[in-house]
J.: 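There's a structure below that I have some questions on.
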Amino acid sequence: MKVEINGMDANREALMQRCREMEKWHRLLMSDDETHLGGDFKGWVRLPRDIDRELVERIIETAEDIKDKCTLLLVVGIGGSFLGARAVIDALSGSREGRPEVVFAGFNLNGAYMSKLKKRIADESVCMCVISKSGRTVEPLLSYAVLKDLMFVKYGQEEGRKRIFVITDEKKGDLRREAYENRFKSFVIPDNIGGRYSVLTPAGSLPVAVAGHDIRKLLDGARSMQCGDWTAEGGLITYGAARTILQEQGKCLEIFEYFEGNLEYFGEWLKQLFGETEGKDGKGAYSACLFFSRDLHSIGQFLQQGRQMFYETIIRVAKSDEDAVIPQYAGYPYAGKTMEQINGCAEEGVVRAHRKAGIPINEIYVDGLNEFTVGQMIYFFEMSAALSAYALGVNPFDQPGVEAFKKEMKSLIEKL
């Protein structure tokens with residue numbers, strides 16, 4: 001991975017000063033000290049290097065067991081309990097041939113969506129994995145209740161229990177008791193890792209492994225980034241530094257952009273990661289995601305000439321394993337070129353045009369999309385988000401505002 005920061009020339013000294021501040025926070029994050037702000041939720045920081053290898057093998061063995069049982073895996077969860085897994089699976093082009101399709105539920109309360117899932121359960125061989133640390137979040141709890149009932153009706157209790165898997169807190173929470181009482185096979189989300197930082201725990205790695213992707217390589221990529229140069233001179237830290245300075249200058253919107261369609265849910269994961277990590281005390285940037293060139297034909301005009309309250313972070317994928325040659329038609333100007341060649345021209349054209357318009361652009365270069373590079377991106381953005389929050393003076397690992405709407409929703413449900 002390579003990081004380039006554009007539009008910060010006039011703030012080069014401030015950028016380096018912010019990098020040095022972040023370097024200190026990085027050292028503290030990597031230390032054993034848990035007394036600092038958010039120190040009790042930094043289990044993700046050293047996870048790629050310190051993860052129990054026996055756990056990794058048990059996840060892979062369980063994924064093979066699920067593969068042998070079904071053609072469809074239902075993953076029930078919301079927020080970090082589904083976004084990370086879906087981001088990785090989609091980035092790697094979905095399930096591999098011969099592997100179960102991974103379908104997600106529990107991230108909405110839409111009856112029509114549940115009705116479609118019920119029909120699929122009736123027609124296919126199914127397993128289910130429910131993911132929730134507390135086991136009390138309304139959306140996955142309700143979906144799990146409906147789907148568990150359908151699974152027991154379809155397979156009977158004894159076989160149904162062999163097809164339901166639980167990923168939750170180690171000791172407390174409603175799902176832990178549920179797993180024990182029903183003898184469901186289960187995995188643990190560590191106490192010191194929050195949902196949006198849990199993609200490399202079983203919450204993300206089990207669905208990814210079921211889809212047929214190599215979670216060892218995913219962890220290898222994250223480990224390479226964990227061991228990267230996070231000093232002020234190393235380059236990795238400049239993205240976080242630049243984005244916080246831009247926010248202080250009034251740029252209140254960060255637009256994540258990509259020309260690779262498989263990154264759409266990676267963008268959704270980024271929205272949660274940055275939104276919940278730094279959106280506190282009136283601080284943080286609102287995160288949006290755009291897939292180009294599709295969205296250039298709807299929002300491109302605003303980006304070029306609209307109110308300049310934003311900065312852009314573009315993920316540039318250097319290589320694509322799949323491509324299509326444009327056929328030879330008489331007089332057709334693009335004949336013989338490939339789609340990816342033209343896509344590259346569109347990408348570079350946007351960057352040049354936006355630079356000329358004075359729009360700050362952070363460019364993240366990735367050498368293809370595979371398990372290793374996706375692992376790198378996961379850790380890079382996790383660390384960047386945490387360091388950005390520290391630079392803004394907020395706790396990266398809590399989300400007190402989330403509880404406000406949950407409280408109101410539950411009070412209304414109680415009146416039903």
Side-chain angles (χ1 to χ4, degrees), residues 1 43-67 73 75 77 80-102 104 129 131 165 167 187-190 193-228 236 258 260 262-270 272-273 315 317-321 364-386:
M1 279 183 63
W44 60 274
V45 172
R46 295 191 292 192
L47 182 145
R49 190 178 60 193
D50 297 347
I51 191 169
D52 184 350
R53 295 296 148 181
E54 290 185 5
L55 171 62
V56 175
E57 295 308 313
R58 189 161 74 92
I59 291 170
I60 293 171
E61 289 172 6
T62 303
E64 292 302 307
D65 178 42
I66 292 172
K67 186 261 293 184
L73 173 67
V75 176
S81 295
F82 102 98
L83 279 172
R86 179 152 189 184
V88 174
I89 292 170
D90 282 12
L92 299 174
S93 299
S95 295
R96 295 191 185 278
E97 186 176 355
R99 306 295 298 200
E101 180 184 357
V102 180
F104 295 86
C129 176
I131 306 171
F165 302 81
I167 303 174
F187 292 90
V188 170
I189 303 174
I193 300 179
R196 60 187 176 276
Y197 287 85
S198 68
V199 62
L200 296 175
T201 74
S205 57
L206 179 60
V208 169
V210 171
H213 303 296
D214 191 336
I215 61 171
R216 299 186 191 95
K217 290 181 180 177
L218 190 74
L219 286 162
D220 286 344
R223 190 180 308 111
S224 76
M225 192 57 60
Q226 176 189 336
C227 300
L236 295 176
Y258 36 86
E260 170 56 69
N262 287 350
L263 289 176
E264 189 159 6
Y265 256 89
F266 196 88
E268 294 299 314
W269 175 72
L270 289 173
Q272 185 201 9
L273 178 67
I315 302 175
V317 181
K319 298 176 183 177
S320 178
D321 293 332
I364 314 297
Y365 288 84
V366 184
D367 187 19
L369 289 180
N370 53 58
E371 290 95 333
F372 187 87
T373 57
V374 171
Q376 285 184 310
M377 286 198 293
I378 288 167
Y379 194 89
F380 170 78
F381 283 111
E382 284 180 340
M383 182 58 73
S384 297

J.: Please give me the minimum heavy-atom distance between Cys129 and Leu73, naming the atom from each residue.
T.: N-CD1, 4.0 Å

J.: What do the steps show when you test Glu57 against Ile60 for side-chain contact (heavy atoms from CB on, under 4.5 Å), and what is the final call?
T.: CA-CA 5 Å; Glu57 295 308 313; Ile60 293 171; 4.2 Å; yes

J.: Do Leu236 and Met225 come within less than 4.5 Å of each other through their side chains, counting heavy atoms only?
T.: yes

J.: CG/Leu206 to OG1/Thr62 distance, rounded to the nearest 0.5 angstrom?
T.: 6.5 Å

J.: Check this for me: does any side-chain nitrogen of one of Arg58 and Glu61 sit under 4.0 Å from a carboxylate oxygen of the other?
T.: no

J.: Could you check Ile131, Thr201, Val188 and say which one makes a side-chain contact (heavy atoms from CB on, under 4.5 Å) with Ile167?
T.: Ile131

J.: Met377 and side-chain contact (heavy atoms from CB on, under 4.5 Å): which partner among Ile364, Leu270, Val88, Leu369?
T.: Leu369

J.: If you measure from CG on Asn262 to CD1 on Ile89, what distance do you get to the nearest 0.5 Å?
T.: 12.5 Å

J.: Calculate, to the nearest 0.5 Å, the distance between atoms CG and CD1 belonging to Leu200 and Ile51 respectively.
T.: 7.5 Å

J.: Would a distance-only check, ignoring hydrogens and angles, find a side-chain to backbone donor-acceptor pair under 3.5 Å from Ser95 to Pro100?
T.: yes

J.: Please find the pair of heavy atoms, one from Tyr258 and one from Glu264, that lie closest to each other, and give the distance.
T.: OH-CA, 3.5 Å

J.: Could you note down all residue pairs passing salt bridge (Lys or Arg N to Asp or Glu O under 4.0 Å) where residues 198-211 supplies at least one of them, sequence neighbours left out?
T.: none

J.: Leu273 and Leu83: side-chain contact (heavy atoms from CB on, under 4.5 Å), yes or no, with the steps?
T.: CA-CA 10 Å; Leu273 178 67; Leu83 279 172; over 6 Å; no

J.: CD1/Ile189 to OG/Ser81 distance, rounded to the nearest 0.5 angstrom?
T.: 5.0 Å

J.: In terms of ring plane angle, is the pair Tyr379 and Trp44 parallel, tilted or perpendicular, where the classes change at 30° and 60°?
T.: tilted

J.: List the atom of Met1, the atom of Val366, and the distance in Å for their closest heavy-atom pair.
T.: CG-CG2, 4.5 Å

J.: Kindly give the heavy-atom pair with the smallest separation between Gln226 and Arg49, and that separation in Å.
T.: OE1-N, 3.2 Å

J.: Show the numbers, then the answer: is there a side-chain contact (heavy atoms from CB on, under 4.5 Å) between Val45 and Met383?
T.: CA-CA 8 Å; Val45 172; Met383 182 58 73; 4.2 Å; yes

J.: With rounding to the nearest 0.5 Å, note down the distance linking OH in Tyr197 to CG in Leu47.
T.: 13.5 Å

J.: Sequence neighbours left out, cut at 3.5 Å: what donor-acceptor pairs do the side chains of residues 207-214 make with other protein atoms?
T.:
unit_1: His213; atom_1: ND1; unit_2: Arg96; atom_2: NE; d: 3.4
unit_1: His213; atom_1: NE2; unit_2: Gly94; atom_2: O; d: 2.7
unit_1: Asp214; atom_1: OD1; unit_2: Arg216; atom_2: N; d: 2.9
unit_1: Asp214; atom_1: OD1; unit_2: Lys217; atom_2: N; d: 3.3

J.: When rounded to the nearest 0.5 angstrom, what is the spacing between CZ in Phe381 and CD1 in Ile315?
T.: 4.0 Å

J.: Heavy atoms, side chains only, cut-off 4.5 Å: are Phe187 and Ile59 in contact?
T.: yes

J.: Minimum heavy-atom separation for Ala91 to Leu263, with atom names?
T.: CB-CD2, 4.3 Å

J.: Quick check: closest heavy atoms across Ala87 and Trp269, and the distance to 0.1 Å?
T.: CB-CB, 4.0 Å

